[in-house]
Amino acid sequence: MKSLFKRPPRNRLAATRRSSRPVHTQPPPHPSLAIFSRLCVEGPFPAALALLPDLAAAGLRADPVSLTRLVKLCVRHGTAGDGRLIHRHVEAHGQLSHYSGGAGGGIFVSNSLVSMYAKFGLLDDALRLFDRMPERNVVTWTTVVAALANADGRKEEALRFLVAMWRDGVAPNAYTFSSVLGACGTPGVLAALHASTVKVGLDSDVFVRSSLIDAYMKLGDLDGGRRVFDEMVTRDLVVWNSIIAGFAQSGDGVGAIELFMRMKDAGFSANQGTLTSVLRACTGMVMLEAGRQVHAHVLKYERDLILHNALLDMYCKCGSLEDAEALFHRMPQRDVISWSTMISGLAQNGKSAEALRVFDLMKSEGVAPNRITMVGVLFACSHAGLVEDGWYYFRSMKKLFGIQPEREHHNCMVDLLGRAGKLDEAVEFIRDMNLEPDAVIWRTLLGACRMHKSGNLAAYAAREILKLEPDDQGARVLLSNTYADLRQWTDAEKSWKAMRDRGMKKEPGRSWIELEKHVHVFIAGDLSHPCSDTIVQELNRLIGRISALGYVPQTEFVLQDLAIEQKEDLLKYHSEKMAIAFGTMHAVGGKPIRIMKNLRICGDCHAFAKLVSKSEGRMIIIRDPVRFHHFQDGACSCGDYW
DNA sequence: ATAGGGTTAG
């Protein structure tokens, strides 16, 4: 150590040759600085922090290594105030340039301060310091780019900073690319950035790859993500997690689970992130049994809230409220998402009163609701016909919780009023709201009109939808049928022609059912399932049994112009009926039959399921895109109100 | 001194 402070013997060749680095002359540090440095290494750290203002007042500069170490400690302990204190020392007497210049490791200090501000979410402070720095290197730029890419609503800025750094002559590295790829808002930008990574030879970096996969998937380009994944030779766990998450999030639960199996074959074991995505895949496919298996692995991670929330949601969306509630009460911590999940889960499963009780409990525990919580609360009101409560929550959410009602909340209100048969009020609500109504709102109104058989208003809503989305086939079909019902044949003919001209095809109804951890898909009118013959036999048997209970096919649910026999045939092979028949054929023990479908259940299938639950003495649970139907002993949890 | 993957609604 001592030699550091001695001038090197200039005239002795051996000595100069031995040291490859130039040796600087340095005076011994001021005693206060020496104490400060020691405190930064050995602690107590508050004492080191307390010393900073005195050092600055005495015009003394703390050494960069110690300061950087202190900044890191502030980040670790979450003490942003202390971070600011260090920043003040750095800026005292105009010394910022010393702590952000290239030589002597000074820039490490400023970079760590920028990073500190970013980690505390104090982005504007980070940017202010960034602007004041006389020099910036790739780390400085990357820190800011990453912070902007991760903050919501500032993705374009992240891209602008990337361009600016490029122009400033600082080349992005793998850190920069892996951060900025998440900020791509369009396929074009992503393609350009992907090309850049190739050009600078960084596209084989695993961090860059996993970000690429994630970016493609988030933009809905599953094939793009898959291509990057397939091209990889060495994958790590995060890469696997990225692709699995991408599939799970885009609704391909089967694909996600297949990849998960491959991941295990490749010798990786799941971590919390993997399990969360696998649970989401199970949730999407209503794979309760598979989800339960995952639950066994979740037990190791008792403190992981995200994972537990995913598990909770899986039980809710698989219609198993007993499991959901048991888990909810056992969870060591609960955050807004846990509460929101439970509230929506109860509401969707027809337990609105309980959902509102849980909401009260949430408030009494001091957890602040967010806008998604309020969607669940309003949903609960609307599906229980609690018009007054709904109005109350809608009107007071701003004042009570500081949440401004947005589009989704207005939509809930239209649903609330419409469902309750207050169609005029719903229309009035749409007219008076401060937002321009979109197709979603009109579709909600349309649903209410159908429920309450209000033909004229339905046609009005359908026309509004078609103004905004001319290809909405549901609205088009409904409009044609309304005209037909009203015997307005010219209009009906015009509407049918419009459909033919657009070559519109109805999205086929699909139902999924899990059997022994495999998912079987049924498509309306498609008899290509390997067991189709026996399924048709079983369907006939069920129809025979429920006919005795009064079942008559309700052909008005076929929105096509066909002969009655053809309509009956179409009805008979609705996907959920086939799935129910498949379920009753393979029924074991007293387990409910669980089915998920992509469209909302039609009135005929609803009646069918109710009667089958009675004739077969078995519970049937059907999840449609919006809510659940628990059929038991001839009745449904939705109270025939959906 | 800088980086990638996971949860609620519609």
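All values derive from a computational prediction rather than experimental measurement. A note on names: the letters A, B, ... follow the listed sequences, proteins ahead of strands, and every chain is numbered from 1.
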**Study point:** Nearest-angstrom distance from the residue atom CD1 of A/I244 to C1' of B/dG4
**Key:** 15 Å
Practice item. For the side chain of A/T143, starting at C-beta, report the closest nucleotide among B/dT2, B/dT8, B/dG4. Key: B/dT2
Check your understanding: In whole Å, what is the span from the CD1 atom of A/I213 to the P atom of B/dG4?
Key -> 15 Å
Review point. How would you label the contact of A/V139 with the nucleic acid (heavy atoms, under 4.0 Å): base, sugar-phosphate, or nothing?
Key: base
Exercise for review: Give one of base, sugar-phosphate or nothing for A/N150, where a contact means two heavy atoms less than 4.0 Å apart.
Suggested key: sugar-phosphate
Point to revise | Interatomic distance where CZ belongs to A/F177 and C1' belongs to B/dA3 [whole Å] | key: 12 Å
Exercise for review: Using whole Å, report how far CG of A/L307 lies from P of B/dT7.
Suggested key: 11 Å
Check your understanding: Should A/K218 be listed as having a side-chain N or O under 4.0 Å from OP1 or OP2 of B/dG4?
Key -> no
**Study point:** Per A/I306 side chain, nearest of listed nucleotides B/dA3, B/dG4, B/dG6
**Key:** B/dG6
Revision key, fill the gap. With the side chain defined as heavy atoms from C-beta on, A/S277 is closest, among B/dA1, B/dG4, B/dG6, to B/dG6
Review point. Base, sugar-phosphate, or nothing for A/R209, non-hydrogen atoms under 4.0 angstrom?
Key: nothing
Review point. Is there a donor on the side chain of A/S179 or the base of B/dA3 sitting less than 3.5 Å from an acceptor on the other?
Key: no
Review point. Looking only at heavy atoms, which two atoms of A/L307 and A/Q272 are closest? And how far apart?
Key: CD1-O, 3.9 Å
Check your understanding: For the side chain of A/S340 and the base of B/dT8, is some donor closer than 3.5 Å to an acceptor across the two?
Key -> yes
Exercise for review: Select base, sugar-phosphate, or nothing to describe what A/A174 touches, counting heavy atoms under 4.0 Å on all strands.
Suggested key: base
Practice item. Give the nucleotide from the list B/dT2, B/dA1, B/dT8 with an atom nearest to the side chain of A/Y175. Key: B/dT2
Check your understanding: Are A/F130 and A/W141 near enough that their ring centres are under 6.0 Å apart?
Key -> yes
Practice item. Could you tell me how the ring of A/W240 sits relative to the ring of A/F229: parallel (under 30°), tilted (30 to 60°) or perpendicular (over 60°)? Key: perpendicular
Exercise for review: Mind running ring pair (Phe, Tyr, Trp, His ring centres under 6.0 Å) on A/H77 and A/F45 for me, showing each step along the way?
Suggested key: CA-CA 11 Å; A/H77 296 144; A/F45 306 111; 7.2 Å; no
Review point. Rounding to a whole Å, what distance do you find between A/R371:CZ and B/dA9:C1'?
Key: 8 Å
Practice item. Identify whether any heavy atom of A/V145 sits under 4.0 Å from a base atom; if not, whether one sits that close to sugar-phosphate; answer base, sugar-phosphate or nothing. Key: nothing
Review point. Could one point to a donor on the side chain of A/N173 or the base of B/dA3 with an acceptor on the other under 3.5 Å away?
Key: no
**Study point:** Closest non-hydrogen atom pair between A/L113 and A/G83, with its separation
**Key:** CD2-O, 3.8 Å
Review point. Between B/dG4 atom C1' and A/D236 atom CG, what is the distance in whole Å?
Key: 8 Å
Review point. Does A/R280 place a side-chain N or O at less than 4.0 Å from the phosphate oxygens OP1/OP2 of B/dT7?
Key: yes
Practice item. Tell me whether the OP1 or OP2 atom of B/dA9 has a side-chain N or O from A/K317 closer than 4.0 Å. Key: yes
Exercise for review: Would you kindly give the CG-to-P distance between A/N411 and B/dG10, to the nearest whole Å?
Suggested key: 9 Å
Review point. Taking atom CD of A/E365 as the centre, does the number of heavy atoms from other residues, nucleotides or ligands within less than 6.0 Å exceed 12?
Key: yes
Check your understanding: Just to confirm, is there a sub-4.0 Å distance from OP1 or OP2 of B/dT7 to any side-chain nitrogen or oxygen of A/Q249?
Key -> yes
Review point. Considering only side-chain heavy atoms of A/K72, which listed nucleotide, B/dA1, B/dG10, B/dA3, is closest?
Key: B/dA1
Check your understanding: Quick one: A/W339 CH2 to B/dT7 C1', roughly how many Å, whole number?
Key -> 17 Å
Check your understanding: Is atom CD of A/E406 surrounded by more than 12 heavy atoms (other residues, nucleotides or ligands) closer than 6.0 Å?
Key -> yes
Review point. The side chain of A/A310 lies closest to which of these nucleotides: B/dA9, B/dT7, B/dA1?
Key: B/dT7
Check your understanding: Counting only distance, no hydrogens or angles, is the base of B/dG6 paired donor-acceptor with the side chain of A/D304 under 3.5 Å?
Key -> yes
Check your understanding: Just checking A/S242: base, sugar-phosphate only, or nothing, at a heavy-atom cut-off of under 4.0 Å?
Key -> sugar-phosphate
Check your understanding: Which part of the nucleic acid does A/S210 contact within heavy-atom distance under 4.0 Å: base, sugar-phosphate only, or nothing?
Key -> base
Review point. Reckon A/V206 touches a base, only the sugar-phosphate, or nothing at all at heavy-atom distances under 4.0 Å?
Key: base
